[in-house]
Amino acid sequence: MCGRFTQLLTWAQLRRLMRLTSPPIELPLRYNIAPTQRVPVVRHEGGGRSLALLRWGLVPAWAKDLAIGSSMINARGETLAAKPAFRSAFKRRRCLVPASGFYEWDKVSGGKAKQPIYITASDEGPLVFGGVWESWASPDGDTVETFAIVTTAPNEMMSRFHDRMPLILDPDDHDAWLDPEREDASALVRPYPSELMLARPVSTRVNSPKNDDPSLIEPVEPRRAEGLFG
DNA sequence: CCAGACGTTGTT
DNA sequence: GTCTGG
DNA sequence: CCAGACGTTGTT
DNA sequence: GTCTGG
């Protein structure tokens, strides 16, 4: 489901979109963000919203090492309020993850090959994922802040590729998601409408997390895409 | 009481 | 840390 | 999510 | 096959 995404926003665009109050940081264009990497996310802080670099893959406070983070890149929206690993983060430490699009891998019938699909908003504008974050103290005494992206059941379009999709939040819901006082955040966990999303096949170059360049989101030749859509 | 798990995805 | 299983 | 590693001892 | 790293 959501194991790779893009962030193609300048600092100025992001600041306006998210109404940030924190000081500017350098924001590279990212075409292939992978788990364990540090990612800019938005948190509620001092009545405003700040951007911070957190490691993707939530490590619970009680974990002995970072490794568990690799399998906690997502958190099921239906259950995270009750799960020990996510419960406290969901209650008090929700975050917003700005994105431009994300990847899914469509199984090609008959083979083991998988076709990467790039999914964006239908207007190709920014998407905002709902996330939860946690702070972990390493044995060395270092503090590592980590996050997971919340998932929901898929909408009709996404169900073509997977049985899960990332939680995508409307701008109207951003404040409620970030507010630690809000007790009804679960009400915001719902699939985003198909009508507002767009999918297109892209190069398998995206498979390697080392590849991180503009060519990754160019549509593949129509010949290769044939049979995948329509 | 202590010990041990605590998570997701996809695949079979 | 906190919950479940034994 | 996919790619890539997957091990130890002793010696330099 | 399964785990870790990105």
Side-chain angles (χ1 to χ4, degrees), chain A residues 1-7 28-41 53-93 97 99-120 127 129-139 143-154 158-168 189 191 199-213 216-217 220:
Chain A
M1 172 271 346
C2 195
R4 234 47 103 66
F5 65 101
T6 66
Q7 275 186 343
L29 299 182
R30 294 299 312 278
Y31 293 85
N32 202 0
I33 296 171
T36 72
Q37 295 177 349
R38 275 159 51 90
V39 181
V41 307
L53 293 175
L54 271 55
R55 180 187 163 106
W56 184 12
L58 187 143
V59 179
W62 40 259
K64 292 186 188 66
D65 56 57
L66 274 174
I68 193 170
S70 290
S71 58
M72 313 257 290
I73 65 175
N74 299 126
R76 290 181 66 90
E78 298 90 333
T79 56
L80 84 176
K83 296 289 185 184
F86 299 123
R87 207 174 89 144
S88 60
F90 177 60
K91 194 169 182 185
R92 297 286 168 207
R93 290 182 299 280
V97 184
S100 299
F102 60 99
Y103 299 101
E104 299 286 359
W105 279 261
D106 192 28
K107 279 186 356 181
V108 176
S109 60
K112 31 190 157 177
K114 290 178 191 166
Q115 172 63 56
I117 309 290
Y118 185 53
I119 295 132
T120 63
L127 296 172
F129 302 146
V132 292
W133 67 274
E134 187 55 271
S135 186
W136 177 72
S138 80
T143 297
V144 184
E145 293 181 321
T146 63
F147 75 99
I149 294 173
V150 175
T151 66
T152 72
M158 293 302 303
S159 66
R160 181 188 188 95
F161 311 116
H162 275 290
D163 61 353
R164 306 295 298 167
M165 66 179 281
L167 168 63
I168 297 170
V189 179
R200 63 176 187 262
V202 292
S203 164
T204 54
R205 290 188 63 250
V206 79
N207 289 0
S208 174
K210 286 180 305 188
N211 294 332
D212 186 356
D213 64 79
L216 298 186
I217 60 172
V220 293

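For A/A34, the side-chain atoms get nearest to E/dG6 when compared with the rest of B/dT9, E/dG6, D/dA3. The side chain of A/P84 lies closest to B/dC6 when the candidates are B/dC6, E/dG6, B/dT8. Looking at the side chain of A/K114, the nearest of the listed nucleotides B/dT11, B/dT9, E/dG6 is B/dT11. Listed nucleotides D/dC1, B/dT8, B/dG7 differ in distance to A/R4; the shortest reach to its side chain belongs to D/dC1. Between E/dG6, D/dG4, D/dC1, one nucleotide has an atom nearer to the side chain of A/T36 than all others, and that is E/dG6. You'll find that the side chain of A/S71 is closest to B/dT8, out of D/dC2, B/dT8, D/dG4. Closest to the side chain of A/P209, from the set B/dT8, B/dT9, D/dA3, is D/dA3. Checked against B/dT8, D/dC2, B/dT9, the side chain of A/N207 finds its nearest nucleotide in D/dC2. Listed nucleotides B/dG10, D/dC1, B/dG7 differ in distance to A/W105; the shortest reach to its side chain belongs to D/dC1.
If you take atom P in B/dT11 and the same atom in D/dC2, they sit 7 Å apart, rounded to whole Å. D/dT8 and E/dG1: their P atoms are spaced 23 Å apart (whole Å). Nucleotides B/dG10 and D/dA3 place their P atoms 16 Å apart, quoted to the nearest Å. Distance check on atom C1': E/dG5 versus B/dA5 gives 24 Å, rounded to whole Å. Going from the P atom of E/dC3 to that of B/dC6 covers 14 Å, rounded to whole Å.
Side chains of A/R164 and A/N74: no donor on one and acceptor on the other come within 3.5 Å.
Distance check: A/L58 CG to A/R93 CZ gives 8.5 Å after rounding to the nearest 0.5 Å. Atom-to-atom distance recorded for A/F161:CZ and A/E104:CD is 8.0 Å, nearest 0.5 angstrom.
Non-hydrogen atoms lying under 4.0 Å from DNA chain B are contributed by A/W62, all within residues 54-68 of chain A.
Taking the six-membered ring wherever Trp is involved, the centroid distance between the rings of A/F102 and A/Y118 does not fall below 6.0 Å. For A/W56 and A/F5, the gap between ring centers is short of 6.0 Å.
In this entry the distance linking CZ of A/F102 with P of D/dC2 reads 14 Å, nearest Å. Going from atom CG of A/D163 over to atom P of B/dT9 covers 7 Å, rounded to whole Å. Residue A/N211 contributes atom CG, which lies 14 Å from atom C1' of D/dC1 at whole-angstrom precision. What separates CG of A/D106 from C1' of B/dT9 is a distance of 16 Å, to the nearest Å. Between the NZ atom of A/K107 and the P atom of D/dC2 there is a distance of 11 Å, given to the nearest Å. Put simply, CD1 on A/I73 is 14 Å from C1' on D/dA3, counting in whole angstrom units. Summarising the geometry, the separation between CZ on A/F86 and P on C/dT2 is reported as 17 Å, rounded to the nearest angstrom. A/L167 has its CG atom 14 Å from the P atom of B/dT8, to the nearest Å.
Contact between the side-chain N/O atoms of A/S70 and the OP1/OP2 oxygens of D/dC1 is not found at any separation under 4.0 Å. OP1 or OP2 of B/dT9 lies within a sub-4.0 Å distance of a side-chain N or O belonging to A/R76.
Between A/L216 and A/N211 there is a side-chain heavy-atom pair separated by less than 4.5 Å.
For the pair A/D212 and A/R30, the salt-bridge criterion is met [side-chain N within less than 4.0 Å of a carboxylate O].
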**Prompt:** Based on Watson-Crick and G-U pairs with both distances under 3.5 Å, what dot-bracket line describes DNA chain D 5' to 3', crossing pairs as [ ] and inter-strand pairs as |?
**Reply:** ||||||......

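Judged as a salt bridge (charged side-chain N to carboxylate O under 4.0 Å, His left out), and not counting sequence neighbours, A/R55 has no contacts.
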